Structures are given as C-alpha cells and as structure tokens.
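Taking it in order: structure first as structure tokens, then the write-up.
Both counts, for ligands and for their atoms, begin at 1 and track the order of listing. Just so you know, these numbers come straight off a predicted model, no measurement behind them.
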Amino acid sequence: MKLFVDSGNVADIAGLVPLGIIDGVTTNPSLLAKAGGDSRAILKEICQTVQGPVSAEVVATDVNGMIQEGRELAGIDEHIVVKVPFGKPGVQACGKLADEGIRVNVTLVFSSTQALLAAKVGATFVSPFVGRLDDVATSGMELISQIVDIYDNYEFSTEVLVASIRGPLHIVEAGRLGADVCTCPPAVIEALFRHPLTDIGLAKFLADWEKAQGAKG
Ligand code: G3P
C-alpha cells in the first residue's frame with residue numbers, strides 16, 4: 001500500500017520523508033489556504049521534497065476553467081497530479097486532461113457510482129472521503145470495499161486513494177480491502193509509530209542490558 005501525506009505544510013512533509021515510507025502527497029484548497037503564502041511555490045517545494053505524485057486541486061468550477069487550471073498546475077512540476085472535484089464539469093475535465101497525458105485525481109467522492117464514472121474517464125486516482133462519511137453515520141469503509149470490488153471486476157487501472165483518514169484503524173481496514181493508497185494527516189502517520197508495548201519492551205531491554213554491564217564491572 002502506498003502512503004501519502006495529506007498536508008500543505010512543507011516542514012511537516014519534509015520531517016516525514018527521511019523515514020522512507022512516504023510515496024506522495026495530497027493537498028486541497030483548505031490545506032493550502034492553511035499553509036498560507038504562494039500556493040504554487042508551496043506545491044513546487046513539496047514536489048522537490050517528495051519524489052512521488054503530488055495532488056494539486058483546481059478551484060475553477062466550469063469545464064474549460066478546470067482544464068486550463070489543470071494544465072497550469074501540471075506545468076508546475078512533473079510530479080503534479082491534477083485534482084478535480086467530482087461532478088459533470090470534473091468528469092469532463094478529467095477525461096480531457098487524461099487524454100492529454102495529465103494525471104488526474106477525482107476528489108470529493110462519496111459513492112461507488114461516482115468512482116465508476118471517474119474510472120471510465122481515465123482518472124489516475126479516485127479519492128473517496130471515508131472520515132466525512134463516518135461523520136454522517138455512513139460507513140466509509142463499506143464504500144472502499146464497493147469501489148475495490150467494482151474496479152477489480154472490470155480491471156480499471158484507477159487507483160483507490162483513501163482520503164479523509166482520521167486514524168490508524170482506517171489504514172488497517174483500507175489495507176485489508178486492498179486499497180492502493182492511504183493519504184493521511186501527519187499526526188496519523190506519527191501515530192503509526194507509537195505502541196506502548198514497544199516502549200515498555202525497549203525500556204526493559206535497555207534496563208536489563210545496563211544491569212548486566214553493572215554486574216560485570
Ligand atoms: O484531501 C482530502 C481529505 O483528505 C480531507 O480530509 O479530514 O478534511 O475530511 P478531511
């Protein structure tokens with residue numbers, strides 16, 4: 001499974017990259033607004049920090065605007081994947097950009113039929129938002145299961161990018177279902193490193209070692 005960082009914060013991303021577990025980055029207008037500054041410069045810096053796909057979302061809402069903005073975003077760096085929101089304009093723009101060889105991530109996906117349409121127009125990634133579905137008492141992971149099944153049945157090459165992840169259990173379930181990518185806020189990736197039994201075990205190993213050294217001396 002690929003692990004992406006869901007963030008527009010270059011420092012947070014740069015702190016995780018040396019671990020060797022980060023395969024890409026996703027951003028969205030909210031995350032880039034939070035980061036502040038010149039969003040295109042930030043996207044370029046992210047692309048130089050991570051050697052993998054970096055999703056950058058259009059804010060245009062009409063087909064031609066999305067295509068134009070998508071081409072501009074793709075021109076920032078070869079790692080850019082253009083993110084378009086699901087809908088008629090997004091689906092149409094995705095098809096056109098994909099025909100031009102630009103990789104597209106169709107975002108704001110909340111149903112398997114939306115994911116089916118995204119795959120049909122050549123999306124490289126589809127982004128179902130599991131946390132936001134859970135928030136409204138609908139199983140985000142059931143949606144992932146449906147999309148994985150449908151894509152497998154028809155051998156679509158679109159990758160299932162699980163988004164709106166809120167904690168490690170979402171990653172466990174996504175992995176069991178065979179989702180291609182999980183994009184996670186930095187705090188969730190940090191949480192994957194923590195386990196109290198690992199900490200207790202290490203403290204005991206080191207204490208036993210020190211005791212033995214003392215006994216020898
Ligand atoms: O990038 C899209 C997505 O991951 C948003 O997550 O937590 O705002 O629902 P969230």
Side-chain angles (χ1 to χ4, degrees), residues 1-13 16-17 21-36 39-40 42-43 45-47 49-50 52-61 66 69-70 73-74 76-77 79-87 90-91 93-94 103-112 114-115 118 123-144 147-148 158-175 177 179-192:
M1 180 204 285
K2 291 176 211 160
L3 210 53
F4 288 3
V5 190
D6 195 27
S7 174
N9 184 310
V10 181
D12 284 352
I13 295 164
L16 292 167
V17 167
I21 56 165
I22 303 304
D23 303 294
V25 170
T26 51
T27 67
N28 62 40
S30 305
L31 291 170
L32 287 175
K34 193 172 160 201
S39 62
R40 298 203 174 184
I42 293 171
L43 287 166
E45 216 180 328
I46 294 173
C47 289
T49 307
V50 183
V54 174
S55 288
E57 189 164 339
V58 301
V59 288
T61 52
M66 285 183 182
E69 200 183 340
L73 289 168
I76 294 174
D77 191 280
H79 291 112
I80 293 285
V81 174
V82 175
K83 224 175 177 187
V84 300
F86 182 83
V91 165
C94 175
R103 292 178 296 170
V104 181
N105 175 354
V106 175
T107 190
L108 287 169
V109 164
F110 293 96
S111 76
S112 53
Q114 291 178 331
T124 298
F125 298 104
V126 66
S127 291
F129 280 28
V130 294
R132 293 193 195 181
L133 277 172
D134 290 354
D135 289 345
V136 294
T138 303
S139 170
M141 281 303 154
E142 172 54 29
L143 172 60
I144 301 303
I147 297 172
V148 168
T158 303
E159 294 190 38
V160 181
L161 191 165
V162 182
S164 186
I165 281 182
R166 300 286 163 76
L169 263 186
H170 275 147
I171 302 172
V172 173
E173 292 170 40
L177 292 168
D180 301 282
V181 190
C182 280
T183 190
C184 313
V188 172
I189 294 174
E190 296 289 347
L192 302 179

For this session: For side chain to side chain contact (heavy atoms under 4.5 Å, CB included), just list the numbers for Leu31 and Asp6, CA-CA rounded to whole Å, side-chain angles, deciding distance to a tenth of an Å, and then say yes or no.
Result: CA-CA 8 Å; Leu31 291 170; Asp6 195 27; 3.5 Å; yes

Problem set entry | Audit row: Ile171, Cys184, side chain to side chain contact (heavy atoms under 4.5 Å, CB included) steps and yes/no | CA-CA 9 Å; Ile171 302 172; Cys184 313; 3.6 Å; yes

For this session: Report the C-alpha distance between Arg166 and Arg132 in whole Å, list the side-chain angles of each, state the deciding distance to 0.1 Å, and finish with yes or no for side chain to side chain contact (heavy atoms under 4.5 Å, CB included).
Result: CA-CA 9 Å; Arg166 300 286 163 76; Arg132 293 193 195 181; 3.5 Å; yes

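Contact annotation for Lys83 and ligand 1: only side-chain heavy atoms (C-beta onward) come within less than 4.0 Å of the ligand.
Not one N or O on the side chain of Glu159 forms a donor-acceptor pair closer than 3.5 Å with the backbone of Asp180.
Between Val160 and Pro128, the closest side-chain pair of non-hydrogen atoms falls below 4.5 Å.
A side chain to side chain contact (heavy atoms under 4.5 Å, CB included) with Asn105 is found for exactly one of Leu161, Thr124, Thr158, namely Leu161.
Among all non-hydrogen protein atoms, the one lying nearest atom 2 (C) of ligand 1 is Phe129 CZ, 3.3 Å. Among all non-hydrogen protein atoms, the one lying nearest atom 6 (O) of ligand 1 is Ser164 CA, 3.3 Å.
Considering Asp6, Thr107, Leu133, Val162 only, the shortest heavy-atom separation from atom 4 (O) of ligand 1 involves Asp6.
For ligand 1, the atoms lying closer than 4.0 Å to a non-hydrogen atom of Arg132 are 5 (C), 8 (O), 9 (O), 10 (P). Interface of Asn28 with ligand 1, defined as ligand atoms under 4.0 Å from a residue heavy atom, comprises 1 (O), 2 (C). Here is the list of ligand 1 atoms found below 4.0 Å of a heavy atom in Arg166: 7 (O), 9 (O), 10 (P).
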